[in-house]
There are 2 protein chains.
Amino acid sequence: MAETRWLDEREMAAWQGFLEATSRVSRHLEQQLKEDAGLSHPQYEILVRLSGTPDGEVRMTDLAEGLVTSKSNLTYQVGQLEKRGLVRRRSCPTDVRGVLAALTDEGRDVLRAAAPGHVAAVREALIDVLERDEIDVLARALGRVGARLRPPRQGTGSADSGGSGTSSS
Amino acid sequence: MAETRWLDEREMAAWQGFLEATSRVSRHLEQQLKEDAGLSHPQYEILVRLSGTPDGEVRMTDLAEGLVTSKSNLTYQVGQLEKRGLVRRRSCPTDVRGVLAALTDEGRDVLRAAAPGHVAAVREALIDVLERDEIDVLARALGRVGARLRPPRQGTGSADSGGSGTSSS
DNA sequence: ACAAGGAGGTTTGAATTTGAACAACACGTA
DNA sequence: TACGTGTTGTTCAAATTCAAACCTCCTTGT
């Protein structure tokens, strides 16, 4: 193996900063979310993703692809949400084996109630700490990092994955 | 409460990019580290922190402060490391109740063997994906973010809690 | 139509992680 | 010196997370 290319000072600073910011922000938000709405962060993300579709329904597979957790964990989380009545399972009409996670009215309510606090926490922990330029750079750079590490989908063909398709309305 | 200041498009992009990059990088490194050296990421960090001191010894409290995990988890992780002979527990000479985690020769060996692969993975997942400018911005911005979130406990001395920090342009 | 192969979710068993309760000790004060 | 308070690290029960095994069903080739 060739000699290891160790990190120079600024690379080290970036890496450690990334690590610490990552951990602290994650923990901070998780606590805030749990106190505010009794939801874990994955659960909140599931609700957000469901509310992002016109029907409030998403297939488990698509949900697992968007989130970073494993399939089994998704099953667990949806189970927890269903236990609280925030989500309901339905069979996919086109695929019998497919399962749709559907947001209930109560779930939409809980999400609506939790969102302001969450956004405020995100601002306080990350967004409002950054300058405008930094926000842009973060979005572009980290977007690239995340996309590059996305599980290799079959049939993608081109190694190009620069699509900036993060559209949320 | 005043109206919620929702995230605009670029803030949203930064936040989602941060979230996804965070999760994927974390997961990627954890897997790489576990396959390469049989260490979890927290364990690796513990070894790194121990090797960073001249004696290879750090008090549990200081260790817990540097890492982001809880005290109980630190006890567990050090226990795992001790079980493999990579770390040894010693009583602190000045404080009877204090415990020093000491890096063994074998632990130093394992760390030395694991470091190159880890650095390579960090490069592949994050550093080498970024431009020079982006690395600098990341280091500065995320360093600030992490530092700002550092004391999740009672403040030392200054009772300041956000009075002057919120800069709105 | 029927068997082989693959995809979609769930279940299982283990490992990790957390918060709270606990025992032992240091420090300060009367 | 004796007492109350805060610290230090561990233990405990419970929740979360993961990878691998599993079952059901779709799709394809013959």
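FYI, side chains are in, hydrogens and waters are out, and symmetry mates aren't considered; it's all heavy atoms of this structure. In the text below, chain A, chain B and the rest are named by the order of the sequence lines, each starting its count at 1. Keep in mind the model is a prediction, meaning the values are calculated, not measured.
At whole-Å resolution of the value, CD1 in A:I46 and P in C:dG9 are 13 Å apart. Computed from coordinates, the A:H41 NE2 to C:dT18 P distance equals 15 Å when rounded to whole Å. Remark: P of C:dG9 and CD of A:E65 are 11 Å apart, rounded to the nearest angstrom. Distance A:R59 CZ to C:dA7 P: 16 Å, rounded to the nearest Å. Between A:D95 atom CG and D:dC23 atom C1' the separation is 17 Å, expressed in whole Å.
Within the 3.5 Å criterion, the main-chain N or O of A:W6 finds a donor-acceptor partner in the side chain of B:R123. Side chain of A:T22 to main chain of B:T22: no donor-acceptor pair is present (N/O by atom type, distance under 3.5 Å, no hydrogens or angles). The backbone N or O of B:V68 sits less than 3.5 Å from a side-chain atom of A:R27, completing a donor-acceptor pair.
Closest-nucleotide positions on DNA chain D for A:P42 and B:D62 were compared, and the one nearer the 5' end corresponds to B:D62.
Heavy-atom neighbours of B:D105 CG from other residues, nucleotides or ligands within 6.0 Å: at or below the threshold of 12. Heavy atoms from other residues, nucleotides or ligands lying under 6.0 Å from CZ of B:R89 number more than 12.
Listed by residue number, the members of residues 66-87 of chain A with any heavy atom below 4.0 angstrom from DNA chain D are A:T69, A:S70, A:S72, A:N73, A:Y76, A:Q77, A:Q80. For the segment residues 25-36 of chain B, the set of residues with a heavy atom within less than 4.0 Å of an atom of DNA chain D comprises B:R27, B:Q31, in numerical order.
Under a hydrophobic-cluster definition in which Ile, Leu, Val, Met, Phe, Trp and Tyr are linked whenever side-chain heavy atoms come within less than 4.5 Å, directly or via other members, A:V58 and A:V48 are assigned to the same cluster.
Salt bridge A:R84/A:E106: absent, no basic N to carboxylate O contact under 4.0 Å.
Residue B:R97 places a side-chain atom within donor-acceptor reach of the base of D:dT7, judged by atom type and a 3.5 Å distance cut-off alone.
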Report all side-chain donor-acceptor pairs from residues 28-44 of chain A shorter than 3.5 Å, counting only partners two or more places apart or in another chain.
residue : atom : partner : partner atom : Å
A:S40   : OG   : A:Q43   : N            : 3.4
A:Q43   : OE1  : A:S40   : N            : 3.3
A:Q43   : NE2  : A:Q77   : OE1          : 3.1

